[in-house]
Amino acid sequence: MQTASAKRLTILSIGFLGITLGGCSTIGNFSEKSETSSGANSTSRVNDPPSGATAEYHFSMAQAYSVEGQVDRAIEEYRISLMHDPHSALIYTRLAAEYVKKGQLSNAIEACKEAVKRDQKFIDAHMILAGLYSTTRMNEEALVEYEDVLKADSTYEEAAVYKAQVLSELNRAPEGMAFLRAFVAKNSEAAMGWYYLGRMEQSASNFVAAERAFKKALEGRPGFSQAALALGVLYEEARRNTDAIKTYRQVYEASQDLGAANRIATLLLKEEKYKEAVPFLEAIESVDPDDMNARVKLGLIRMELKDYDGAITSFKAILEKNPESDRIHYYLGSVYEETKRFKEAIGELSQIPKDSKLFSEAALHVAYLYKMLGDTDQASAYLRKQIDSGADVAGFYVLNANIEEEAGRVPEAVAILERGQTKFPKDEKILYYLGSLYDRQGRIDLGLAQMEAIIGINPDNIDALNYLGYTWTTQGIKFAEAEANIRKAMKLKPDNGYIRDSWGWYLFVRGRTGEAVVELEKAVALKPNEPTIIEHLADAYVKSNLWEKALQNYEIAARLVSDKDLKAKIDEKINHLRTVVVRAGPSITPVSNERVPAAAASAPHPISR
């Protein structure tokens with residue numbers, strides 16, 4: 001962003017072009033002649049000067065060279081013109097303009113000082129000199145020049161504004177504000193003065209005064225978009241988004257200002273009003289197709305609104321201009337994945353380079369998509385390739401192990417995770433998944449060791465706390481520690497149905513059947529489709545001689561369960577219970593301790609969906 005002084009330098013460079021040719025007594029009125037000269041061939045002009053060359057001729061030549069961008073030649077001609085007319089303030093100011101183009105600010109200052117010496121009332125020269133002083137950090141000198149201008153013309157709005165800015169740069173902002181307040185009080189239609197006063201009031205956190213100033217600027221100059229946009233920003237800072245959007249809409253409707261459209265879209269997106277934001281982003285896209293920020297937003301909104309074809313069109317258009325944008329390849333791949341176009345998704349995600357921050361996430365999705373296509377061998381091979389190439393990511397090991405486990409190759413899954421553990425000894429997902437597979441293999445002690453290692457890394461890992469608490473309970477050991485772990489897990493995540501189930505099971509094993517029923521009913525309410533939890537509730541009902549309730553829940557569990565062995569076990573309980581109910585014989589407790597905690601029954605998913 002340009003500083004105020006840099007902006008003034010830019011403005012004064014442009015401002016030179018607006019200085020009229022009149023007002024220089026020694027040059028006289030030759031504007032028509034200078035225009036004619038500027039259109040002639042530059043070589044003939046230099047080689048064939050008229051026999052009676054004058055200040056007028058060289059001035060016209062300098063103007064022509066200036067327009068053509070031949071700064072050095074323009075400077076030469078202005079200097080020769082001054083030889084003919086050394087008293088011209090206008091020629092000195094034009095010479096200063098050329099020095100500014102060359103970056104020779106010291107020479108420009110000297111030229112302007114000469115102009116002021118020759119014509120104290122030449123306001124343009126004073127303004128340019130002030131701007132140069134300000135640009136070169138000679139703020140006290142700049143202040144003197146602006147004050148001289150205001151003495152000559154107390155209504156000179158530009159001088160008033162720049163004077164206030166210089167005072168701010170001199171750490172005299174309160175004085176600058178006081179001056180501008182007095183200026184606009186006397187010049188109530190000074191829109192630019194009100195605008196800059198609003199900016200200063202805003203910087204001083206004077207919200208009400210800033211709002212009033214911006215509104216006065218708009219009264220003085222209807223359609224003053226800069227003031228309207230500033231007012232909108234002020235409303236945003238005050239969290240008055242409704243007023244901000246209203247203000248921006250007025251600007252946009254009046255002038256189709258893209259800045260206003262962008263602010264409207266941004267605010268609507270914050271409020272998740274995606275459909276309302278679309279027309280404004282489309283307007284930005286149509287007028288300024290190079291605004292990649294707006295195009296990306298538009299693509300993401302279309303994704304959110306499930307306008308997948310529109311999102312694909314947006315992202316493809318961006319890639320035409322930015323084919324190496326890893327983020328856009330990722331977004332486009334995500335759209336293809338969402339629409340089940342897995343091969344195209346793989347094509348996009350595979351283009352993300354390894355040095356990208358998105359690489360690990362993209363690579364996980366590529367492997368996952370191969371798996372979704374049924375090509376688990378390719379998925380495993382892809383992950384192994386990434387691991388072997390040195391692109392080590394903990395999630396690669398977890399997903400690779402998950403693929404092997406689902407293929408029934410548990411020993412291979414364990415080997416992968418053991419290799420991952422050597423690379424990432426503190427990764428909780430790897431440790432937990434490995435521990436659950438050890439448990440599945442019947443290597444309970446190794447499983448417990450993994451969970452204890454997790455607690456050593458993160459004492460608040462609820463899955464490890466739950467696993468340890470439940471497993472110690474089923475083993476009939478460390479009941480006090482088991483209770484403490486499960487209680488802690490419940491405190492950390494009270495609405496977790498699996499943890500609530502473990503607590504109910506702990507109470508059941510400890511003989512606190514009534515409490516167990518209450519807790520297991522809570523667990524079922526939290527996880528109504530989890531057959532293992534429903535089975536435990538049925539077990540507790542049996543223990544409480546609530547046989548009809550038990551039978552009903554066993555039957556529900558049997559309908560939900562997918563594991564054949566577990567279904568056979570539940571069916572056996574159903575058949576046994578029906579026999580008991582018919583005979584009204586002795587109470588039974590067809591329960592089993594053969595359960596891995598529900599949260600440990602599956603691998604932690606490496607991809608956040």
Side-chain angles (χ1 to χ4, degrees), residues 408 436 439-442 444 447 463 466-479 482-483 485-487 489-490 493-602:
S436 70
D439 188 293
R440 181 173 170 182
Q441 290 179 318
I444 306 300
D463 289 327
N466 185 42
Y467 181 99
L468 289 168
Y470 177 79
T471 304
W472 285 331
T473 298
T474 59
Q475 290 183 330
I477 62 173
K478 297 186 178 182
F479 283 124
E483 179 177 355
N485 278 1
I486 298 172
R487 280 186 179 277
M490 275 199 304
K493 208 155 190 180
D495 294 330
N496 186 292
Y498 298 120
I499 299 171
R500 187 68 61 177
D501 172 60
S502 292
W503 177 237
W505 195 251
Y506 172 85
L507 294 171
F508 181 86
V509 170
R510 300 294 285 163
R512 296 156 63 177
T513 309
E515 294 174 75
V517 168
V518 172
E519 294 301 322
L520 289 167
E521 284 183 344
K522 290 179 182 178
V524 170
L526 290 167
K527 287 289 179 183
N529 296 314
E530 177 55 57
T532 303
I533 297 175
I534 298 170
E535 180 195 2
H536 289 149
L537 176 59
D539 289 346
Y541 283 147
V542 169
K543 189 79 170 179
S544 303
N545 293 324
L546 299 169
W547 295 345
E548 292 293 341
K549 294 282 288 182
L551 185 59
Q552 180 184 11
N553 279 273
Y554 281 138
E555 289 172 344
I556 294 172
R559 288 196 298 270
L560 291 171
V561 73
S562 57
D563 184 88
K564 291 181 179 180
D565 292 337
L566 182 56
K567 187 175 189 312
K569 185 183 72 169
I570 296 173
D571 286 340
E572 183 181 351
K573 289 183 180 183
I574 291 171
N575 293 332
H576 186 61
L577 186 57
R578 283 174 178 163
T579 301
V580 171
V581 170
V582 170
R583 293 179 181 177
S587 62
I588 57 172
T589 55
V591 299
S592 169
N593 287 337
E594 297 176 1
R595 180 181 79 92
V596 176
S602 61

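All of these numbers come straight from a predicted model, not from anything done at the bench.
Residues F508 and E519 fail the side-chain proximity criterion, which asks for heavy atoms closer than 4.5 Å. When side chains are defined from C-beta on, L507 does not count as touching L520, because their heavy atoms never get closer than 4.5 Å. Counting only heavy atoms from C-beta outward, the side chains of E521 and V517 approach each other to under 4.5 Å. Side-chain contact between W503 and I499: absent, with no pair of heavy atoms (C-beta onward) separated by less than 4.5 Å. Considering only heavy atoms from C-beta on, V561 stays 4.5 Å or farther from E535 through its side chain. Within the 4.5 Å cutoff, side-chain heavy atoms of D571 are placed close to those of I574.
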* Between W505 and D539, does a side-chain contact (heavy atoms from CB on, under 4.5 Å) hold up when you go through it step by step? -> CA-CA 10 Å; W505 195 251; D539 289 346; 3.7 Å; yes

* Please report the C-alpha distance between K573 and V542 in whole Å, then the side-chain angles of each, then the deciding distance to 0.1 Å, and finally whether the side-chain contact (heavy atoms from CB on, under 4.5 Å) criterion is met. => CA-CA 10 Å; K573 289 183 180 183; V542 169; over 6 Å; no

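Atom CG of residue N485 and atom OH of residue Y470 lie 15.0 Å apart, to the nearest 0.5 angstrom. How far CG of L526 is from CG of D501: 10.5 Å, rounded to the nearest 0.5 Å. The line from CZ of R559 to NZ of K567 is 10.5 Å long, rounded to the nearest 0.5 Å. In this structure, CG on N553 lies 4.5 Å from CG on L537, to the nearest 0.5 angstrom. Annotation: the span from D565 atom CG to I570 atom CD1 amounts to 11.5 Å, rounded to 0.5 Å. With values rounded to the nearest 0.5 angstrom, I534 atom CD1 is found 10.5 Å from Q552 atom CD.
In summary, E555 and R578 engage in a salt bridge, as defined by a charged side-chain N under 4.0 Å from a carboxylate O.
Under the 3.5 Å distance criterion, the side-chain polar atoms of R500 are matched with a main-chain donor or acceptor of P494.
Around atom NZ of K493, no more than 12 heavy atoms belonging to other residues, nucleotides or ligands sit under 6.0 Å away. Counted within 6.0 Å of CD on E572, heavy atoms from surrounding residues, nucleotides or ligands total 12 or fewer; the atom is thus considered open.
Taking the six-membered ring where the residue is Trp, F479 and Y506 present perpendicular rings, their angle passing 60° and hence far from 30°.
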